[in-house]
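Shown next, in structure tokens, is the structure this report addresses.
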2 protein chains.
Amino acid sequence: MARKPGSRSEITGPRLREAALRLFARDGYAAVSMRQIAAEVGVQAGALYLYTADKQSLLADLMADHLEALLAAWAAEAPRGDARARLDHFARFHIRFHAARADAVFIAYMELRNLTPENFARIEALRRRYETELEQILRDGQAEGCFAVPDTKLAAMALIAMLTGVNTWFREGGRLSLPRVEDIYVDMVLKAAGAGGLPR
Amino acid sequence: MARKPGSRSEITGPRLREAALRLFARDGYAAVSMRQIAAEVGVQAGALYLYTADKQSLLADLMADHLEALLAAWAAEAPRGDARARLDHFARFHIRFHAARADAVFIAYMELRNLTPENFARIEALRRRYETELEQILRDGQAEGCFAVPDTKLAAMALIAMLTGVNTWFREGGRLSLPRVEDIYVDMVLKAAGAGGLPR
DNA sequence: GGTTGAACTGAACGGGCGTTCAGTGACAAT
DNA sequence: ATTGTCACTGAACGCCCGTTCAGTTCAACC
């Protein structure tokens, strides 16, 4: 037996990426073997190398794709208006987007140290572009006088850490719905920025 | 050659733990071999098993020791006074304690999935005890009427995520001193809790 | 100074790792 | 019906893994 009946690269390729994403998120990059991934795909390990150069670039590509999708999704929303409204929008967008892709988010935050220096630089640049989006909102709000933030760079990182933290505990079907969680976090984010909370 | 001159268990034991802590933090539990740790200690791999039952409990013990030290240190500070003052104190304590033990903090947050279920339960219980400390402050402040938090449980996790995020970027000798960072974060934490910021 | 036991070595165990590659069966085009 | 190529197998490569253990050497005590 060599080629499997019905096998096609447009199917196996995506399946490889899905399996790798799920397993890397669950067990960690270093703890997952190519043979495990192959078993999940339903293929022998050697066949994976038709779809990725090696294990390292499989990880790097998953991370880069996630961050590029994040930036593209944010660019597509392109909120206008005053800084307060844009910060509200950013917080909701961040929670929603990250909740929908928990595995990719987890990998993008946990597996940075398993990247080669070149791949790390590529990924880190993407992450920084996203942070800058938030920092720009904070700077604008500071200029408009509607925020009171001691340091926009620190505040940007603090708020992103807070928002991303949702992923560590949020589970669909839990005590709170996602829109309710968004409300609560938007309230805290706006207050932390000195823009008052959500109207109650 | 068998026993090394000058070797003593009171020395090798701690050295094993220090090496494991540093290497686990830098490369991740799964990516570090017992032989690497042994080389760092200056000993053959087999000798490590005089000091730890296996690799897994080496990790679990490092994490448990860290969290127990955290709880003990917080208990020792035992702040009194109104909720606002205690929240201020908590934020400063958290940043200071975590900045001083970056490696242990990193491991305690990143290596949870490498624990056996029994060890995970042990560690998770310790972490939850710490979260409860903060939540109690928030509940007290809510009762006193000096905080305005939509959900104390979520707020506790949000604030801890924000405070722990300092460790991802803070480096001694950078743009901001640690006391200055504490001030900035205390301001954001108090505001997020609805208690106004730091007086300026 | 002989004895005891703690501290450690070095080799071995069975197994899994990432990656390569010659071979092979299934499909599409002719 | 034949051909060509695509998708995949299965075995192999050299290497490293966590852990065990018989043997060796040093330090301390009597």
Side-chain angles (χ1 to χ4, degrees), chain A residues 1-21 23-24 26-63 107 111 113-116 118-119, chain B residues 1-24 26-63 107 111 113-119:
Chain A
M1 179 184 15
R3 180 170 185 175
K4 296 255 206 74
S7 62
R8 275 185 305 146
S9 69
E10 311 94 74
I11 292 180
T12 305
R15 274 168 58 83
L16 159 61
R17 300 160 66 85
E18 286 157 24
L21 195 72
L23 291 178
F24 286 167
R26 200 188 64 189
D27 300 331
Y29 173 78
V32 174
S33 73
M34 294 299 270
R35 279 172 244 261
Q36 274 174 59
I37 298 171
E40 200 85 353
V41 176
V43 118
Q44 292 298 317
L48 301 184
Y49 290 85
L50 294 167
Y51 302 96
T52 184
D54 48 29
K55 195 187 177 193
Q56 164 70 206
S57 44
L58 177 55
L59 172 65
D61 288 346
L62 287 174
M63 291 173 70
I107 290 172
E111 304 295 356
R113 61 178 160 197
N114 288 306
L115 295 171
T116 60
E118 307 80 48
N119 283 331
Chain B
M1 177 183 20
R3 181 169 185 177
K4 296 255 206 76
S7 64
R8 274 184 307 147
S9 69
E10 311 96 72
I11 292 179
T12 305
R15 274 168 60 84
L16 160 59
R17 300 160 66 85
E18 286 157 24
L21 194 73
R22 185 173 55 253
L23 292 178
F24 285 167
R26 200 188 62 188
D27 300 332
Y29 173 78
V32 174
S33 71
M34 293 300 269
R35 279 172 244 262
Q36 273 174 63
I37 298 172
E40 200 87 352
V41 176
V43 119
Q44 292 298 314
L48 300 185
Y49 290 84
L50 294 167
Y51 303 96
T52 184
D54 48 30
K55 196 189 176 191
Q56 163 70 205
S57 44
L58 177 55
L59 173 64
D61 289 346
L62 288 174
M63 291 173 70
I107 290 172
E111 304 295 356
R113 61 178 161 198
N114 288 306
L115 294 171
T116 60
E118 307 81 48
N119 284 331

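Letters A, B, ... are given to chains in the order of the sequence lines, protein chains preceding strands, and every chain is numbered from 1. If you're wondering where the values come from, they're calculated on a predicted model, not measured in any experiment.
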When rounded to the nearest 0.5 angstrom, what is the spacing between CZ in B:R17 and OG1 in B:T52? 8.5 Å
CG/B:L16 to CE/B:M34 distance, rounded to the nearest 0.5 angstrom? 7.0 Å
Between C:dC8, C:dT20, D:dT9, which nucleotide has the shortest distance from any of its atoms to the side chain of A:V43? D:dT9
Under a 4.0 Å heavy-atom cut-off, which of residues 31-39 of chain B touch DNA chain D? B:V32, B:S33, B:M34, B:R35, B:Q36
Which pairs would a plain distance check flag for residues 38-50 of chain B, meaning a side-chain donor or acceptor within less than 3.5 Å of a matching protein atom at least two apart in sequence or in another chain?
| from | atom 1 | to | atom 2 | distance (Å) |
| --- | --- | --- | --- | --- |
| B:E40 | OE2 | B:R22 | NH2 | 2.8 |

Taking only residues two or more places apart in sequence or in another chain, which ones pass side-chain contact (heavy atoms from CB on, under 4.5 Å) with A:N114? A:Y29, A:L59, A:E111
To the nearest angstrom, how far is [X] atom [atom1] from [N] atom [atom2]?
X	N	atom1	atom2	result
B:L48	C:dG10	CG	P	14 Å
B:K55	D:dC16	NZ	P	15 Å
A:Y49	D:dT9	OH	C1'	15 Å
A:R15	D:dA7	CZ	C1'	14 Å
A:L16	D:dC8	CG	P	11 Å
A:I11	C:dC27	CD1	P	12 Å

Is A:R113 close to B:D27 at the side-chain level, that is, under 4.5 Å between some pair of heavy atoms? no
Just N and O in the side chain of A:Y51: are any of them under 4.0 Å from OP1 or OP2 of D:dA7? no
Please determine if a side-chain N or O atom of B:T12 lies less than 4.0 Å away from the OP1 or OP2 oxygen of C:dA7. no
Would you confirm whether A:S33, through its side chain, and A:Q36, through its main-chain N or O, come within 3.5 Å as a donor-acceptor pair? yes
Upstream residue (5' side of DNA chain C) when A:A47 and B:Q44 are each assigned their closest nucleotide: B:Q44
